[in-house]
Amino acid sequence: MRAIAVREFGGPEVLELCETPEPEIKPGRLRLRTLLAGVNYADIHLREGTYPAPMPAPFIPGNEVLGEAEDGRRYVSLGRGGGYAEINAAHRKLTFEVPDGVDDHAAVALMLQGNTAWHLLHTDLRLTAEDTLLIPAAAGGVGSLAVQLAKRVGAKVVAMASTDEKRQIALDLGADAVVDSSTAEGLTERILEAADGYVSAAMEMTGGQVLHETLDALTPRGRMSVFGAVTGVDGLVPITQLVAGSKSITGFWLPSLYPSRTHLNDSMTALFTAVQEGWLKPLTGPVYKLGQARQAHHDLAARLTSGKVVLDVRN
């Protein structure tokens, strides 16, 4: 089968289109003919060797796929690698049949990004209608879904994005206010101006100075959920700042929910239903051929894309 392999860690150039044996379909697995493979920042970190749960090279990247089973039914699946390939050995416990009314691209967008947005808001931040929520990269996969999910709860949404075009996308999705996040300098002041005060909840995925600026924009007893660090900069959080403001910071990583029997089943049911009802509209992004994986990684890392980026494995 055709697949994209990483034989050594590095930049997009290490993504190699090759022929490799099909994966073994062990008990508890479902053989899927891959139609679409999602491309995520996690794939970039895996390729670079900087992911929290690194994979030893060589490996096939890709943690989410939409595929077709032998009976013709469509499924989406989460996993640990193996997605950038024509055949996927899907974990049955992390595989969900796609219902009518949900198209292929939207279904992929609901997997890592939809579930991440859902559980950031409902499981980690426990968002309510009383909250003002700050959402970074609001025109991206997670951010665009989080805007819609937060508005459904009734929260006030302050969306951050780096360009006028992306900020307009966030407004069109329902955001109450937008913030220019193209530079971290003065970010706190811009957030406070847009929110007309401090925010009570915040999502954070950039790291470094942006994390500190976001923390400064939190109201006393405010809470922040950190689900990434795309800059690769951790940065130390002053304990006195947390204590003095009674602020809280939690980390969120979707695979921590994989062992649960209920969390992903509940969120996938809710997400599929929301799309079928028409109030949740996944923001679909560019589609690349399997052999264009390098370009897809480059464009995602350079923040040249909006919405869900996918590889069409059939081409």
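Panel note: side chain R73, backbone E68; no donor-acceptor pair is recorded below 3.5 Å. Between the side chain of S144 and the backbone N or O of A139, no donor-acceptor pair lies under 3.5 Å. A distance-only check finds a donor-acceptor pair linking the side chain of S200 to the backbone of T132 [under 3.5 Å]. Side chain of E204 to main chain of G207: a donor-acceptor pair is present (N/O by atom type, distance under 3.5 Å, no hydrogens or angles). Between the side chain of D312 and the main chain of K289, no donor-acceptor pair closer than 3.5 Å is present. When atom types are taken as modelled, the side chain of R2 and the backbone of V313 share a donor-acceptor pair closer than 3.5 angstrom. In this structure a side-chain-to-backbone donor-acceptor pair under 3.5 Å is missing from R190 to V179. With hydrogens and angles disregarded, a donor-acceptor distance shorter than 3.5 Å links the side chain of T188 to the backbone of E213.
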What's the verdict on salt bridge (Lys or Arg N to Asp or Glu O under 4.0 Å) for K308 and E64, showing C-alpha distance, side-chain angles and the deciding distance? CA-CA 12 Å; K308 182 64 192 175; E64 61 180 350; 2.3 Å; yes
Report the C-alpha distance between N63 and L46 in whole Å, list the side-chain angles of each, state the deciding distance to 0.1 Å, and finish with yes or no for side chain to side chain contact (heavy atoms under 4.5 Å, CB included). CA-CA 10 Å; N63 295 331; L46 276 169; 3.9 Å; yes
For N115 and S267, what are the C-alpha separation, side-chain angles and deciding distance, and is it a side chain to side chain donor-acceptor pair (under 3.5 Å)? CA-CA 6 Å; N115 279 298; S267 56; 2.5 Å; yes
Check step by step if side chain to side chain donor-acceptor pair (under 3.5 Å) holds for Q168 and D172. CA-CA 6 Å; Q168 186 59 53; D172 292 343; 2.9 Å; yes
Evaluation steps, side chain to side chain contact (heavy atoms under 4.5 Å, CB included), between L120 and V142: CA-CA 10 Å; L120 279 167; V142 173; 4.3 Å; yes
Given side chain to side chain contact (heavy atoms under 4.5 Å, CB included), test E97 with Y75 step by step and report yes or no. CA-CA 4 Å; E97 186 174 359; Y75 291 87; 3.7 Å; yes
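The number of heavy atoms from other shown groups lying within 6.0 Å of CD (Q276) is above 12. In this structure, E165 places its CD atom where only 12 or fewer heavy-atom neighbours from other residues, nucleotides or ligands lie under 6.0 Å away. Heavy atoms from other residues, nucleotides or ligands lying under 6.0 Å from NZ of K151 number more than 12. Enclosure of atom CD in E8 is not indicated, since only 12 or fewer non-hydrogen atoms of other residues, nucleotides or ligands lie within 6.0 angstrom.
In this structure, F9 and F59 have tilted ring planes: the angle between them lies in the 30° to 60° band.
Between V65 and M111, the closest side-chain pair of non-hydrogen atoms is not below 4.5 Å.
A salt bridge links D131 with R223: at least one charged nitrogen is closer than 4.0 Å to a carboxylate oxygen. A salt bridge links R74 and D104; the closest N-O separation between the charged side-chain nitrogens and carboxylate oxygens is under 4.0 Å.
Residues meeting the salt bridge (Lys or Arg N to Asp or Glu O under 4.0 Å) test with D216, sequence neighbours left out: none.
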